[in-house]
**Q** 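I'd like to ask some things about the structure below.
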Amino acid sequence: MEKEINFSDILPRSFYGRDTVLVARELIGHHLVHDSPEGLTAGRIVETEAYLQGDPACHASRGMTNRNRVMFGPPGYAYVYFIYGMYYCFNVVTAAAGVGEAVLIRALEPVAGIPLMQARRGREKLTELCSGPARLVLAMGITREHNGCDLTRGPLFICRGAGRPQPVVTTTRIGIREGAELPLRFYLQGSKYVSKR
DNA sequence: GTCCTGATCCTCT
DNA sequence: GAGGATCAGGACG
């Protein structure tokens, strides 16, 4: 289990400006880091979902609106949206500018700043800190202010995981009605930190 | 363990 | 005015 993070090895914009499914799969194993005023937190990405422009479950499927505007912008930016009256979800904008696609980050394995995550979440168990899209947003201190922020610069960024890529399982997405049968969810095989098996 | 429900409000129709 | 890329807690077994 590698816990090493090289904070200087931030993923470049070219990583994100590719096929969304490929980016969703390859994000598994990299590290999401937030260097916030309260302290630094980081987690290894263990679960993602791809949202494609032609897909009815995607916010961008019916064109650009105020909410989904950043999905149509250049890749490598954060798309944070409000859901169910109380939660936020964090996405990474992918593909070329003008294409409304993104990757939802669904779960992290806590790596750094664990006491701060526990305080933000009001829970102790590591498997409950970041195992779910709204949970990880809370644990990492991500807010709506991060909508549209550049993930290739601080304070919120993604850096390369150490070691070799690990086996990734492909399955169907969670919590959607239309497009539920599409194989667009990816998770790290065997991880205790995914939101569901 | 599984199932069900309430909380809570922004966004688009 | 309806519905949603969710979570936590309680009932039940």
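Note on naming: letters A, B, ... go to the chains in the order of the sequence lines (proteins, then strands), and numbering restarts at 1 for each one.
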**Q** Identify whether the distance between the nearest side-chain nitrogen and carboxylate oxygen of Glu47(A) and Arg185(A) falls below 4.0 Å.
**A** yes

**Q** With the side chain of Thr65(A) defined as its heavy atoms from C-beta on, choose the nearest nucleotide among dA8(C), dC12(B), dA5(C).
**A** dC12(B)

**Q** When rounded to the nearest 0.5 angstrom, what is the spacing between CG in Leu11(A) and NE2 in His31(A)?
**A** 11.0 Å

**Q** Between Thr170(A) and Arg25(A), is any side-chain donor less than 3.5 angstrom from a side-chain acceptor?
**A** yes

**Q** Compare the minimum distances between each of dC12(B), dA7(B), dA5(C) and the side chain of Met86(A), then state the nucleotide with the smallest one.
**A** dA7(B)

**Q** Arg62(A) has an atom CZ; how far is it from atom C1' of dA5(C), in whole Å?
**A**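 Taking CZ of Arg62(A) and C1' of dA5(C), I get 14 Å after rounding.
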
**Q** Taking atom P of dG3(C) as reference, at what distance in whole Å does atom CD of Glu178(A) sit?
**A**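 Distance check: Glu178(A) CD to dG3(C) P gives 13 Å.
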
**Q** Pull out every residue in residues 127-148 of chain A that has a heavy atom closer than 4.0 Å to any atom of DNA chain B, ordered by number, or say none.
**A** none

**Q** For side chain to side chain donor-acceptor pair (under 3.5 Å), just list the numbers for Thr152(A) and Arg13(A), CA-CA rounded to whole Å, side-chain angles, deciding distance to a tenth of an Å, and then say yes or no.
**A** CA-CA 7 Å; Thr152(A) 67; Arg13(A) 196 167 318 284; 3.0 Å; yes

**Q** Round to a whole Å and report the spacing from CZ of Arg67(A) to P of dC9(B).
**A**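 In whole Å, dC9(B) P and Arg67(A) CZ are 17 Å from each other.
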
**Q** Please confirm whether the shortest side-chain N or O distance from Arg121(A) to OP1 or OP2 of dA8(C) is below 4.0 Å.
**A** yes

**Q** Is any side-chain N of the basic residue among Asp55(A) and Arg173(A) closer than 4.0 Å to the acidic one's carboxylate O?
**A** yes

**Q** For a quick check of understanding: with a heavy-atom distance under 4.0 Å over all strands, which category does Arg123(A) fall into, base, sugar-phosphate or nothing?
**A** sugar-phosphate

**Q** Whole Å only: how far is the CG atom of Leu104(A) from the P atom of dA5(C)?
**A**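 Leu104(A) atom CG is separated from dA5(C) atom P by 10 Å.
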
**Q** Given that both distances must come in under 3.5 Å, which nucleotide forms a Watson-Crick or G-U wobble pair with dT5(B)?
**A** dA8(C)

**Q** Under 4.0 angstrom, heavy atoms only, what part of the nucleic acid is Asn91(A) near: base, sugar-phosphate, or nothing?
**A**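 The residue Asn91(A) makes base contact.
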
**Q** Mind checking Arg173(A) for me? I need base, sugar-phosphate or nothing, with any heavy atom below 4.0 Å counting as a touch.
**A**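 Nothing, no heavy atom under 4.0 Å.
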
**Q** Quick check: is Val23(A) connected to Phe90(A) through a chain of hydrophobic side chains (ILVMFWY, heavy atoms under 4.5 Å apart)?
**A**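 Phe90(A) clusters together with Val23(A).
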
**Q** Would you say the base of dA5(C) and the side-chain of Tyr81(A) have a donor-acceptor pair closer than 3.5 Å?
**A** yes

**Q** Using the side-chain heavy atoms of Tyr51(A), tell me which of these nucleotides is nearest: dC12(B), dC9(B), dA5(C).
**A** dA5(C)

**Q** Kindly indicate whether a cation-pi arrangement holds for Arg106(A) with Phe186(A), taking the cut-offs as under 6.0 Å to the six-membered ring centre and within 45° of the axis.
**A** no

**Q** Write down the partner of dA2(C) under the Watson-Crick or G-U wobble criteria, each distance required to be under 3.5 Å.
**A** dT11(B)

**Q** Identify whether a stacking contact exists between Tyr84(A) and dG4(C), where the ring centres must be under 5.5 Å apart and the planes under 30° apart.
**A**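 Ring-base stacking flag not set for Tyr84(A) and dG4(C).
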
**Q** Could you give the distance from CD1 (Ile105(A)) to SG (Cys130(A)), rounded to the nearest 0.5 Å?
**A**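 Those atoms lie 12.0 Å apart.
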
**Q** Taking only the side-chain heavy atoms of Tyr87(A) (C-beta and beyond), determine which of dT6(C), dA5(C), dC12(B) contains the nearest atom.
**A**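 Side chain of Tyr87(A) sits closest to dT6(C).
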
**Q** To the nearest Å, how far apart are Asn68(A) CG and dA5(C) P?
**A** 12 Å

**Q** Without decimals, in angstroms, what is the distance between Met64(A) CE and dC12(B) C1'?
**A**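 Going from CE in Met64(A) over to C1' in dC12(B) covers 15 Å.
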
**Q** Glu47(A) has an atom CD; how far is it from atom C1' of dA5(C), in whole Å?
**A**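 Computing the Glu47(A):CD to dA5(C):C1' distance gives 11 Å.
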
**Q** Which whole-number value in Å describes the distance from Ile83(A) CD1 to dT6(C) C1'?
**A**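 Answer to the nearest Å: 8 Å.
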
